[in-house]
Undergrad: 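Please see the structure below; I have some questions.
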Amino acid sequence: MTNPVSTYRLQFHKDFTFSDFERIIPYLHQLGVGTVYASPITEAVPGSTHGYDSVNPHRVNPEIGTEDQLTAISKRLSDLGIGWLQDIVPNHMGFDPHNPWLMDVLEKGQRSLYAPFFDINWTNPVHGGRLMVPFLGSPPAETTDKNELKVIWQDDRLRLAYYETAYPLHLRSYATVFGAAGTHPSPEMQTLLARIPVIEQTTDSEHYSLQCADFQTEAAKLLGQESPEYLNGCLTAVNTDADCIRQITSEQAYELCYHAETDQRINYRRFFTVNGLICLNIQDPVVFGHVHKRIKTWLEAGIFQGLRVDHIDGLSDPSLYLNQLRELAGDKAYLVVEKILQANEALPQ
């Protein structure tokens, strides 16, 4: 097993990248460093200075480097006899629009393929069983009255924007927007919108996801054939009607709410009291396998020789997780965990 006797910690972010690391490798070698211990390297919330707010565990963070750089650096370290201990975050992900798994949940609710990935209490009566999105600067009524919520067309999708942040709209809201008062959808658009009630009867998550994607692709195609005035007219009609905005917010599988509301109630597990970090159901074998898919590949390729597990306390069953991780990582990988002790807590034997 790898034994990291002498380690040197690296904190990656946009101002300290793989290229910066490459430049100091000769220095680390002269110091006698036997293992580098790196902060998370997978894609995180843009601008993250720490990387513990991952949004895609299957991709190297483009702000710090590329897959090719990672491979080349690992080879260079190996030639110098330096190992790599990689920090991983199995407990949570960033609650952010750049998180495609979570945005799919916001768009489709419990019918999302990724709904089981996140520790959400869908049966909680808070907000009618809809996932809280607690990032408003004031209560929703005030936000709507101040005209701070807007429906926009972005990346061939309808989205609900709050200043610079945009969340996906449920399929049913396409009918609301494209049928807004004073607009005149083409016969082709009317035919497409008529498919929504049929799609909404689908209960199978995979089938539902495919139908939603087909609908959105067809909607974008039709809008490309329409004059710009039609889409602009729809958005103007919606965004100048506070009642319509309220209707659209009520149609979502999520509820935009005031950030301070989580001091009293919340319907998803988070990292301590950080609203922007939503926790994973990593105890689910499917979730475990999918989240660790890339890590497994990197371990098998010899990129990393060990793993450091962030926030082991947050997991449903830390021992179960570590047994699964050992099986995934193999006998030779070095595993170390972070354990946070409360003031009067003794370290379990």
Undergrad: Can we say D241 and R246 salt-bridge, meaning some charged N sits less than 4.0 Å from an Asp/Glu carboxylate O?
TA: no
Undergrad: What is the minimum heavy-atom distance between D104 and S112, and which atoms define it?
TA: OD2-OG, 2.6 Å
Undergrad: For the hydrophobic clusters of this structure (ILVMFWY residues joined by side-chain heavy atoms under 4.5 Å, transitively), does one cluster hold both V274 and L280?
TA: no
Undergrad: Just by distance, do the side chain of T17 and the backbone of H13 share a donor-acceptor pair under 3.5 Å?
TA: no
Undergrad: Within the distance-only criterion (no hydrogens, no angle test), does the side chain of R159 pair as donor or acceptor with the backbone N or O of Q154 below 3.5 angstrom?
TA: yes
Undergrad: Can you hop from V133 to Y114 via hydrophobic side chains spaced under 4.5 Å?
TA: yes
Undergrad: What verdict does the side chain to side chain contact (heavy atoms under 4.5 Å, CB included) test give for V126 and M132, after you've listed the backbone C-alpha separation in whole Å, the side-chain angles of each residue and the deciding distance to 0.1 Å?
TA: CA-CA 8 Å; V126 173; M132 295 174 68; 3.9 Å; yes
Undergrad: Does the pair Y174 and Q216 meet the rule for a side chain to side chain contact (heavy atoms under 4.5 Å, CB included), with working shown?
TA: CA-CA 9 Å; Y174 282 69; Q216 290 161 337; 3.7 Å; yes
Undergrad: Checking side-chain polar atoms at under 3.5 Å, does N56 have a donor or acceptor matched by the opposite partner on H58?
TA: no
Undergrad: Does any donor atom in the side chain of S19 or Q69 lie under 3.5 Å from an acceptor atom in the other side chain?
TA: yes
Undergrad: If only atom types and distance count, is the side chain of T262 paired as donor or acceptor with the main-chain N or O of H259 below 3.5 Å?
TA: yes
Undergrad: Checking side-chain hydrogen bond (donor to acceptor under 3.5 Å, both in side chains) for the pair T143/S138: CA distance, chi angles, key distance, verdict?
TA: CA-CA 6 Å; T143 302; S138 57; 3.2 Å; yes
Undergrad: Would you say R326's side chain and A333's backbone share a donor-acceptor pair under 3.5 angstrom?
TA: yes
Undergrad: Could you check whether Q190 and H184, counting side-chain N and O atoms only, form a donor-acceptor pair closer than 3.5 Å?
TA: no
Undergrad: At their closest point, which heavy atom of T42 faces which heavy atom of P57, and how far apart are they?
TA: CG2-O, 3.6 Å
Undergrad: Please round to the nearest 0.5 Å and tell me the distance separating atom CD1 of I312 and atom CG of L315.
TA: 4.5 Å
Undergrad: Is it the case that the side chain of S78 and the backbone of S74 share a donor-acceptor pair, with hydrogens and angles ignored and the cut-off at 3.5 Å?
TA: no
Undergrad: Quick one, M189 and L193 - any side-chain contact, counting heavy atoms below 4.5 Å?
TA: yes
Undergrad: With a 4.5 Å cut-off on side-chain heavy atoms, are I120 and Y254 touching?
TA: no
Undergrad: With a 4.5 Å cut-off on side-chain heavy atoms, are T66 and L70 touching?
TA: no
Undergrad: For I41 and F304, what are the C-alpha separation, side-chain angles and deciding distance, and is it a side chain to side chain contact (heavy atoms under 4.5 Å, CB included)?
TA: CA-CA 12 Å; I41 63 165; F304 309 136; 3.6 Å; yes
Undergrad: With sequence neighbours excluded, what pairs up with E345 under the side chain to side chain donor-acceptor pair (under 3.5 Å) test?
TA: K339
Undergrad: Is L80 reachable from F18 through a run of I, L, V, M, F, W or Y residues, each pair having side-chain heavy atoms under 4.5 Å apart?
TA: yes
Undergrad: Between S209 and S205, is there a donor-acceptor pair closer than 3.5 Å when you use the side chain of the first and the backbone of the second?
TA: no
Undergrad: State whether a side-chain donor-acceptor pair under 3.5 Å links D87 with Y52.
TA: yes
Undergrad: Could you tell me which non-hydrogen atom of P46 sits nearest to which non-hydrogen atom of E63, and how far apart they are?
TA: CA-OE2, 3.4 Å
Undergrad: Mind listing the closest non-hydrogen atom pair of Q264 and A260 along with its distance?
TA: OE1-O, 3.5 Å
Undergrad: Which atom names give the shortest non-hydrogen contact between V105 and A115, and what distance separates them?
TA: CG2-N, 3.7 Å
Undergrad: Going through the distances and angles, do T202 and Q211 end up as a side-chain hydrogen bond (donor to acceptor under 3.5 Å, both in side chains)?
TA: CA-CA 9 Å; T202 305; Q211 289 187 85; 2.7 Å; yes
Undergrad: Does the side chain of R269 pick up a donor-acceptor pair with the side chain of N281 at under 3.5 Å?
TA: no
Undergrad: So does G32 get a backbone contact from the side chain of Y8, meaning a donor-acceptor N/O pair under 3.5 Å?
TA: no
Undergrad: Any side-chain to backbone donor/acceptor pair from T144 onto P140? Under 3.5 Å, distance only.
TA: yes
Undergrad: Does a donor on one side chain sit under 3.5 Å from an acceptor on the other, for D317 and S319?
TA: no
Undergrad: Compute the centroid of each ring, for F271 and then for H311, and state whether the two points are separated by less than 6.0 Å.
TA: yes
Undergrad: Does one side chain, of S173 or Q252, offer a donor that lies under 3.5 Å from an acceptor on the other?
TA: yes
Undergrad: In the structure I gave you, are the side-chain heavy atoms of V177 and I248 within less than 4.5 Å of one another anywhere?
TA: yes
Undergrad: Quick one: do Y27 and V36 end up in the same hydrophobic cluster if we chain Ile, Leu, Val, Met, Phe, Trp and Tyr together by side-chain heavy atoms under 4.5 Å apart?
TA: yes
Undergrad: Taking NZ, NE, NH1 and NH2 as the nitrogens, is one of them in R195 or E200 under 4.0 Å from a carboxylate oxygen of the other?
TA: no
Undergrad: Would you say the ring centroid of H290 lies under 6.0 angstrom from that of F117?
TA: yes
Undergrad: Would the distance check show the side chain of Y268 and the main-chain N or O of N275 forming a donor-acceptor pair, the cut-off being under 3.5 Å?
TA: yes
Undergrad: Can you measure from CG (L277) to CG (D96) and round to the nearest 0.5 angstrom?
TA: 10.0 Å
Undergrad: Check whether NZ of the Lys or CZ of the Arg R111 lies under 6.0 Å from the centre of the six-membered ring of Y208 and within 45 degrees of that ring's axis.
TA: yes
Undergrad: Between T7 (side chain only) and T35 (backbone N and O only), is there a donor and an acceptor less than 3.5 Å apart?
TA: no
Undergrad: Group every Ile, Leu, Val, Met, Phe, Trp and Tyr by side-chain heavy-atom contacts under 4.5 Å, then state whether F16 and V45 land in the same group.
TA: no
Undergrad: So, Y321 versus H292, ring centres under 6.0 angstrom or not?
TA: yes
Undergrad: Out of curiosity, L28 CG to I82 CD1, how far, rounded to the nearest 0.5 Å?
TA: 6.0 Å
Undergrad: So, are D20 and R23 salt-bridged, with charged N and O less than 4.0 Å apart?
TA: yes
Undergrad: Find the distance between CD (E327) and CD (Q324) and round it off to the nearest 0.5 Å.
TA: 8.0 Å
Undergrad: Heavy-atom count check: over 12 atoms from other residues, nucleotides or ligands less than 6.0 Å from K146 NZ?
TA: yes
Undergrad: Checking R308 against Q86: is there a side-chain donor and acceptor pair closer than 3.5 Å?
TA: no
Undergrad: Taking NZ, NE, NH1 and NH2 as the nitrogens, is one of them in R294 or E67 under 4.0 Å from a carboxylate oxygen of the other?
TA: yes
Undergrad: Under a 4.0 Å threshold between the charged nitrogen and the carboxylate oxygen, would R172 count as salt-bridged to E251?
TA: no
Undergrad: Between W84 and Y37, is any pair of side-chain heavy atoms under 4.5 Å apart?
TA: no
Undergrad: For the atom pair CG (L10) and CD1 (I24), what is the distance rounded to the nearest 0.5 Å?
TA: 5.5 Å
Undergrad: Which of these passes ring pair (Phe, Tyr, Trp, His ring centres under 6.0 Å) with F135: Y163, F95, Y167?
TA: F95
Undergrad: Roughly how far, to the nearest 0.5 Å, is CG of N61 from OG of S54?
TA: 9.0 Å
Undergrad: Is the closest side-chain heavy-atom distance between N91 and I282 below 4.5 Å?
TA: no
Undergrad: Are side-chain heavy atoms of L223 and F178 found at a separation under 4.5 Å?
TA: yes
Undergrad: Go through the steps for V287 and F118 under the test side chain to side chain contact (heavy atoms under 4.5 Å, CB included), then give the verdict.
TA: CA-CA 9 Å; V287 179; F118 299 97; over 6 Å; no
